[in-house]
There are 2 protein chains.
Amino acid sequence: MAKNTLKKLGLKLTPQRLAILNLLEGNTKHPSAEDIYNKLKPQYPSLSLATVYNTLEVLVKAGEVHEIRIKAGKRCFDPNPIPHGHFLCRICESVFDLDIKPLEIQTPCSIKGYLLENYMIYFYGICPECQEGDNIKDR
Amino acid sequence: MAKNTLKKLGLKLTPQRLAILNLLEGNTKHPSAEDIYNKLKPQYPSLSLATVYNTLEVLVKAGEVHEIRIKAGKRCFDPNPIPHGHFLCRICESVFDLDIKPLEIQTPCSIKGYLLENYMIYFYGICPECQEGDNIKDR
DNA sequence: TTGTTAGATTATAATAATTACAATCTTGTA
DNA sequence: TACAAGATTGTAATTATTATAATCTAACAA
Ligand SMILES: [Mn+2]
Ligand SMILES: [Mn+2]
Ligand SMILES: [Zn+2]
Ligand SMILES: [Zn+2]
């Protein structure tokens with residue numbers, strides 16, 4: 001629940017933060033900062049894109065939200081704390097969850113002197129919907 | 001050899017492209033477009049950053065170079081065609097190769113209807129050098 | 001060689017995502 | 001209710017990247 005998340009992190013309870021957290025809760029769409037802004041703007045006309053970025057930054061730093069870097073130049077955000085893979089469709093550009101068995105690696109751990117704190121697996125290809133009909137394109 | 005790569009791809013042999021390819025050959029530093037530009041500018045004063053981007057684009061499209069999206073907002077490039085993992089140190093921000101046994105997945109393949117053409121694994125943490133002394137910082 | 005031309009390079013402008021800033025506002029607490 | 005720390009906002013600045021149009025040159029044939 002959004003309210004508890006903010007309290008746990010020692011953050012002030014503001015309507016903007018609650019709205020952002022509520023929008024993210026259970027959301028598997030992997031929205032960008034601008035997606036979130038556009039979704040909330042109608043209900044919160046005073047909302048600023050800067051606030052969306054600020055809020056996402058504290059949530060990511062706190063580990064409440066993960067930053068997905070699957071597409072160039074644009075981050076997207078994921079509230080799902082359970083480790084899972086991500087898939088970017090090169091046709092529709094959507095990002096999907098892909099429940100691939102995670103690596104046999106547990107984090108944190110140390111491999112060849114590198115301290116691994118986290119990892120991400122990104123897959124690229126074509127999603128089921130975009131494979132229908134004549135959508136399939138050569139690379 | 002850079003010359004052969006260009007011929008194979010049906011591209012004109014220009015000093016700029018040869019310089020970029022030579023700089024990349026065997027390079028494990030994962031340079032950004034700007035890194036490449038800055039490295040070559042002294043020897044090729046007329047070189048334009050646009051040319052670096054253009055060249056990288058054709059090389060990536062041809063599969064000769066891989067685009068690494070391990071850090072937000074800035075791509076870096078890798079001429080190594082052998083699948084391998086990448087590690088970003090959160091202290092020095094360097095990207096290292098990490099020879100982790102790849103997934104049991106072979107690409108292309110299809111999982112749950114998703115056509116997987118490619119995948120990347122990114123690790124985050126602290127590199128060996130940055131773990132020395134008092135460099136270790138809490139997250 | 002030389003001429004031709006498709007394609008490459010360049011400088012620069014434009015765009016897109018993100019961050020910085022400073023003024024104003026609000027939450028949490030006394 | 002009054003205050004102060006922190007949050008929000010609008011806007012400017014920054015950064016990475018892409019687009020554009022003029023100029024240049026590698027490749028090829030005469
Ligand atoms: Mn996800
Ligand atoms: Mn590499
Ligand atoms: Zn798709
Ligand atoms: Zn380091």
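Labels below follow one simple rule: chain letters A, B, ... track the order of the sequence lines, proteins then strands, and each chain is numbered from 1.
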Taking [atom1] from [X] and [atom2] from [N], how many angstroms apart are they, rounded to a whole number?
X     : N      : atom1 : atom2 : result
A:E34 : C:dT15 : CD    : C1'   : 12 Å
A:L49 : C:dA17 : CG    : P     : 10 Å
A:L56 : C:dT18 : CG    : C1'   : 12 Å
B:L6  : C:dT9  : CG    : C1'   : 15 Å
B:Y53 : C:dT10 : OH    : P     : 15 Å
A:D35 : C:dT18 : CG    : C1'   : 15 Å

B:Y37 vs A:N54, nearer the 5' end of DNA chain C by closest nucleotide: B:Y37

Considering all heavy atoms, the nearest A:L49-A:Y37 contact: N-CE1, 3.4 Å

Quick one: is A:R75 getting a side-chain N or O under 4.0 Å of the C:dA17 phosphate, OP1 or OP2? no

Would you say that B:V60 contacts B:H66 through its side chain, given a criterion of any heavy-atom pair below 4.5 Å between the two side chains? no

Answer whether the closest heavy-atom distance between the side chains of A:M1 and A:N4 falls below 4.5 Å. yes

Start and end of chain A contact along DNA chain D [non-hydrogen atoms, under 4.0 Å]: D:dA5 to D:dG10

Partner set under side chain to side chain donor-acceptor pair (under 3.5 Å) for B:K7, not counting sequence neighbours: none

Residue pair B:H86, B:D78: steps toward the side-chain hydrogen bond (donor to acceptor under 3.5 Å, both in side chains) verdict: CA-CA 10 Å; B:H86 288 99; B:D78 188 343; 2.9 Å; yes

Within the side chain of A:R69, is there an N or O that forms a donor-acceptor pair under 3.5 Å with the backbone of B:I70? yes

When we call it a touch if two heavy atoms are under 4.0 Å apart, what does B:S32 touch: a base, just sugar-phosphate, or nothing? nothing

Centroid separation A:Y119 to B:Y122 less than 6.0 Å: no

Centres of the A:Y114 and B:F96 rings: under 6.0 Å? yes

Checking side-chain hydrogen bond (donor to acceptor under 3.5 Å, both in side chains) for the pair A:N54/A:T51: CA distance, chi angles, key distance, verdict? CA-CA 5 Å; A:N54 290 341; A:T51 295; 5.0 Å; no

What string of B, S and - do you get for nucleotides 22-30 of chain C, 5' to 3', if B is base contact, S is sugar-phosphate-only contact and - is no contact with any protein heavy atom under 4.0 Å? -----BS--

